[in-house]
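Here is how names work: the chains are called A, B, and so on, in the same order as the sequence lines, proteins then strands, and each is numbered from 1. Computed from a predicted structure; not experimentally measured.
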Protein chains: 2
Amino acid sequence: MRADATKNYSHILTVAREVITAQGADASLRDIARKADVGLGTLYRHFPTREALLETLLRSSLDELTQLADELKTSSAPDDALIAWSRAAVAFTHHYRGAVDLMAAAMADEASALHASCSLVRSAGAQLLLRAQAAGMARTDMDGADLLALIAALGWLNDQPSFASQADHLFNVIGSAILYAGLKPA
Amino acid sequence: MRADATKNYSHILTVAREVITAQGADASLRDIARKADVGLGTLYRHFPTREALLETLLRSSLDELTQLADELKTSSAPDDALIAWSRAAVAFTHHYRGAVDLMAAAMADEASALHASCSLVRSAGAQLLLRAQAAGMARTDMDGADLLALIAALGWLNDQPSFASQADHLFNVIGSAILYAGLKPA
DNA sequence: ACCTGAACACCGTTCAAGT
DNA sequence: ACCTGAACACCGTTCAAGT
């Protein structure tokens, strides 16, 4: 990549992070290009879709989430691991307001730049769920897709001003439905 | 209202119902006006906001939902009533794709034309929840707002192509968390 | 009293023209 | 090899001008 290109690339990312943090995942791409002092076509060259831009912004958090799953698999009891990771996954979807809608759409669209990321989250969750199920700690009439759906639904609640304050409590309600022994009190 | 005005009003509603059924609650208002052979200003005169239009479209279903709550209060056991009504409420939010997002936003906005409707849904649900709680059948660490949030979250799942197929099952999972005795098998 | 549609300020996306 | 921004086809919202 040419020197000016890499400079543009990272500058767009910096500005995009600020704008999307402030305005949500549906922020105007035109606005981002303007604030980055870059032609609109330059933004589209580096990030052909809104999903591609968001995927790059979420990359590091996504890697942390995957790593966390690995750690929890050896460091925590199956039930604790499942709950702790699920909580982190909800927080992940909440990193940028409105991101969870794009991720949900990406699950149904193999061509989306976010599809792989979402599949990774599902796989990581599915493994922890299976582990808890094998230990007889979690209900067996659920799979990874169900877990992901519940995580996404809680992420969506977090995005709604009218529901955000209840999302934590409802996480516990749903968690108690997944674990046979219920959730441990904090 | 003048004769041409009433005619326009009902014609806009008819067309809007078709378009929004086909394209979702975020359908283009311009497109609706065009297809109704009506000036854009005429649509705005009758329905000053998208919420006002949607509220009118949802009116009859909303009344049915309120009526259902009243009926269930006398005809069914507290737990059955709560679950049956909640199921109907999820279906209500799903009447038009994308409507649940507008309703969620309306809960936090007193000025929204949908605010009153959403409050009615919450109140109806809260009564059925209280009744089940008083009968010792439902967990007591939830209120009407929590119930509404869960209903909205399930409605949102229904709207996502990637999650819609699991929404029914997840309704049962969540329902089993609300009722002490769990859900009765179908 | 009601309707119309142009006007304004925005979008996302593409692509010919420049360096 | 990369960047630019005009061009196109859309939005939502408002409001002067018409009947």
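- Note: A:Leu120 CG to A:Ser123 OG = 6.0 Å, rounded to the nearest 0.5 Å.
- If you take CD1 of B:Ile32 and P of D:dT13, they are 12 Å apart, rounded to a whole angstrom.
- The nearest heavy atom of DNA chain C to B:Arg2 and to B:Asp37 marks one nucleotide each, and the one closer to the 5' end goes with B:Arg2.
- One can place CG of B:Leu53 at 15 Å from C1' of D:dT13, the figure rounded to the nearest angstrom.
- A:Arg97 and A:Thr21 share no side-chain donor-acceptor pair at under 3.5 Å.
- Under the 4.0 Å criterion applied to side-chain N and carboxylate O atoms, B:Arg34 and B:Asp31 are assigned as salt-bridge partners.
- Comparing A:Asp4 and B:Gly41, the nucleotide of DNA chain D nearest to each residue sits closer to the 5' end for A:Asp4.
- Side-chain nitrogen and oxygen atoms of B:His46 include at least one within less than 4.0 Å of the OP1 or OP2 phosphate oxygen of C:dC3.
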Nucleotide by nucleotide, nucleotides 7-12 of chain C touches protein heavy atoms under 4.0 Å in the pattern (B base, S sugar-phosphate only, - none) B---BB

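- The CZ-C1' distance, from A:Phe47 to C:dT13, rounds to 17 Å in whole Å.
- Taking both residues in full, the closest heavy atoms of B:Arg59 and B:Ser117 are given as NH2-OG, 4.4 Å, listed atom of the first, atom of the second, then distance.
- For B:Arg45 and C:dC3, the CZ to P distance is 6 Å, given to the nearest whole Å.
- Between C:dC3 and B:Asn8, a contact under 4.0 Å exists linking OP1 or OP2 to a side-chain N or O.
- Distance, A:Ile12 CD1 to D:dC3 C1': 10 Å, rounded to whole Å.
- Distance alone, capped at 3.5 Å, is enough to place a donor-acceptor pair between the B:Arg17 side chain and the B:Leu57 backbone.
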Would you write the dot-bracket representation of DNA chain D, where each base gets (, ), [, ], | or . depending on whether it forms a Watson-Crick or G-U pair under 3.5 Å and with which partner? ||.|||||...|||||.||

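- Taking hydrophobic clusters as Ile, Leu, Val, Met, Phe, Trp and Tyr residues chained together by side-chain heavy-atom distances below 4.5 Å, A:Tyr9 shares a cluster with A:Leu54.
- Taking the six-membered ring for Trp and thresholds of 30 and 60 degrees, A:Trp156 and A:Phe163 have ring planes inclined between 30 and 60 degrees apart.
- Between B:Asp70 and B:Lys73 there is a salt bridge, with a side-chain nitrogen of the basic residue lying less than 4.0 Å from a carboxylate oxygen of the acidic one.
- One distance of note links CG of B:Leu150 with CG of A:Leu170; it measures 4.5 Å at 0.5 Å rounding.
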